[in-house]
Each structure stands twice: as structure tokens, then as C-alpha cells.
Amino acid sequence: MDLLGLAQNMEGLMPGVVRPLCADFSFMADNAPFPPDFDLGGFHFHSNSTSQWFANATAAEIGLQFFDQGAEIDLPTSVSEVKMRIGTFAGRVDIQALNSAGATVANVVVPGTNSYQDIAVRGIDMVKLSLNGGGNEGILVRACVDVTICSPESKT
């Protein structure tokens, strides 16, 4: 499609509506296993460990438990912020955000507090997160990004 055709297709679109898109593990059954690679909520998850990862109920919440070797999360789209709820029960978790060129655009250290924390990772053009550490007891309850949804204008 040429630019004129694209412009004609976009004519009549309402301004975008921003909605959260989340990978949420809070509804999973305790000890539910996950394969080394899987998709949830538009996010792709990859374990860097040979150990089986699983959903774990700890401190009245359920999340994806990951190992010191880490986990990689491909985001559903390029974003400037990822909101996460993460538990650090045996040590700190280091989060590295990568852009579409593979360069690091943000580093966040989530301190080991033996509790869950709500955090935000902010960077330009983030497409991937790498989570490492946590003493084999890092737990990701959810990861969310905001996406813009366009809807056609009603022609009444």
C-alpha cells in the first residue's frame, strides 16, 4: 500500500485509547509447570535455566518463579515503560532492558526484601527484558505495558 492509500485507510480513526496489556501469573495454580519457552498475554518468556520453572504461591500471591540463570521476556511491542510486580525472597533481582538494536537502555536493581514490590522499568524503545538473580526464588507476578488501540470513528 502506498502512502496515499495508508492515509485514506487511517482517515476517520479516532485518537488512540491506551489500555494495559499484561502477562499475569496470579491466577495460575500453585506448582503449575511451564516449558522453557512460552507465550502469555502477548509476551514471550524464555528460561535460561535447565531447571523446570513453575508457578509458586509465596506470601499469599502466585507468580512465575525463575532461577538465578535468569529469564528473558520479549515484550509485545516497543515501549518506554514496563510495570511489574516481582518478589525477591532470596536476593536481589537485576533487570536489564534492551532496545530493538540489542543495546541496553535501562538497568534496574530490585533489592532482596523478602517481599513483593511494584516496580517500573523505563527506557527508550524497550523490546526485551532480562531478569537475573533472585537466589532461585525470584517471582514475577505480572508484567504490563500500555498499548494504544485505535478504533474507527462512527459515521452517523
Side-chain angles (χ1 to χ4, degrees), residues 13-152:
L13 288 180
M14 297 287 291
V17 177
V18 177
R19 296 281 188 249
L21 181 62
C22 298
D24 189 345
F25 295 93
S26 66
F27 64 92
M28 300 291 178
D30 188 26
N31 295 317
F34 290 90
D37 287 276
F38 68 94
D39 297 307
L40 179 66
F43 295 71
H44 178 78
F45 293 83
H46 171 77
S47 175
N48 294 329
S49 173
T50 56
S51 299
Q52 175 75 54
W53 57 359
F54 56 95
N56 188 354
T58 300
E61 294 192 57
I62 297 177
L64 177 67
Q65 185 165 326
F66 56 91
F67 300 93
D68 273 339
Q69 296 88 343
E72 295 177 6
I73 305 170
D74 293 329
L75 305 175
T77 188
S78 172
V79 297
S80 60
E81 181 179 66
V82 181
K83 295 174 185 169
M84 304 171 79
R85 182 150 180 86
I86 193 163
T88 55
F89 293 94
R92 76 181 208 188
V93 172
D94 297 318
I95 303 173
Q96 178 183 35
L98 305 171
N99 67 13
S100 57
T104 300
V105 294
N107 286 298
V108 174
V109 175
V110 185
T113 60
N114 202 33
S115 66
Y116 290 100
Q117 302 169 61
D118 294 315
I119 62 145
V121 180
R122 294 181 182 94
I124 298 171
D125 182 34
M126 295 186 301
V127 297
K128 178 180 272 195
L129 298 179
S130 178
L131 284 62
N132 291 287
N136 294 325
E137 293 184 20
I139 299 177
L140 176 65
V141 176
R142 79 183 134 280
C144 298
V145 298
D146 285 337
V147 295
T148 302
I149 301 169
C150 296
S151 59

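Bear in mind the structure is a predicted one, so any value in this text is a computation, not a measurement.
In terms of heavy atoms, L129 sits closest to A97 at CD2-CB, 3.7 Å. The minimum heavy-atom distance between V82 and A143, with the atom names listed, is CG1-CB, 4.4 Å. Closest approach of Q117 to P111, counting heavy atoms only: NE2-O, 2.9 Å. Taking all atoms of both residues into account, the shortest heavy-atom contact from D30 to A57 is OD1-N, 2.8 Å. Considering every non-hydrogen atom in both R142 and L140, the closest pair reads O-CD1, 3.4 Å. In terms of heavy-atom proximity, F25 sits nearest to G63 at CB-CA, 3.9 Å.
Taking CE from M126 and OG from S100, the interatomic distance works out to 12.0 Å, rounded to the nearest 0.5 Å. With rounding to the nearest 0.5 angstrom, the CG atom of N48 is 8.0 Å from the CD atom of Q69. Atom CG of L98 is separated from atom CD of Q96 by 4.5 Å, given to the nearest 0.5 angstrom. Here the straight-line distance linking atom CG of D24 with atom CG of L40 works out to 8.0 Å at 0.5 Å rounding. Put simply, CG on L75 and CZ on F43 are 6.0 Å apart, with the number rounded to the nearest 0.5 Å. Between L64 atom CG and M28 atom CE the span is 8.5 Å, to the nearest 0.5 Å.
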**OP:** Evaluate the criterion side-chain contact (heavy atoms from CB on, under 4.5 Å) for residue pair F45 and L131; output intermediate values, then yes/no.
**Re:** CA-CA 11 Å; F45 293 83; L131 284 62; over 6 Å; no

Subject >> S47 and S49: CA distance, side-chain angles, deciding distance, side chain to side chain donor-acceptor pair (under 3.5 Å) verdict >> reply: CA-CA 5 Å; S47 175; S49 173; 4.7 Å; no

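The closest donor-acceptor contact from the side chain of W53 to the backbone of P33 lies at 3.5 Å or more, if one exists at all. With hydrogens and angles disregarded, no donor-acceptor distance shorter than 3.5 Å links the side chain of N99 to the backbone of V105. Not one N or O on the side chain of D37 forms a donor-acceptor pair closer than 3.5 Å with the backbone of H46. The backbone N or O of F34 lies less than 3.5 Å from a partner atom in the side chain of Q52, making a donor-acceptor pair.
Note on ring orientation: taking the six-membered ring where Trp is involved, the planes of Y116 and F89 are perpendicular (angle over 60°, cut-offs 30° and 60°).
Checked against T77 for a side chain to side chain contact (heavy atoms under 4.5 Å, CB included), the options V147, T148, L21, D146 give a single hit: V147.
Using a 4.5 Å cut-off on side-chain heavy atoms (C-beta onward), I95 and M84 make contact. Looking at D94 and R92, their side chains come closer than 4.5 Å, going by heavy atoms from C-beta outward.
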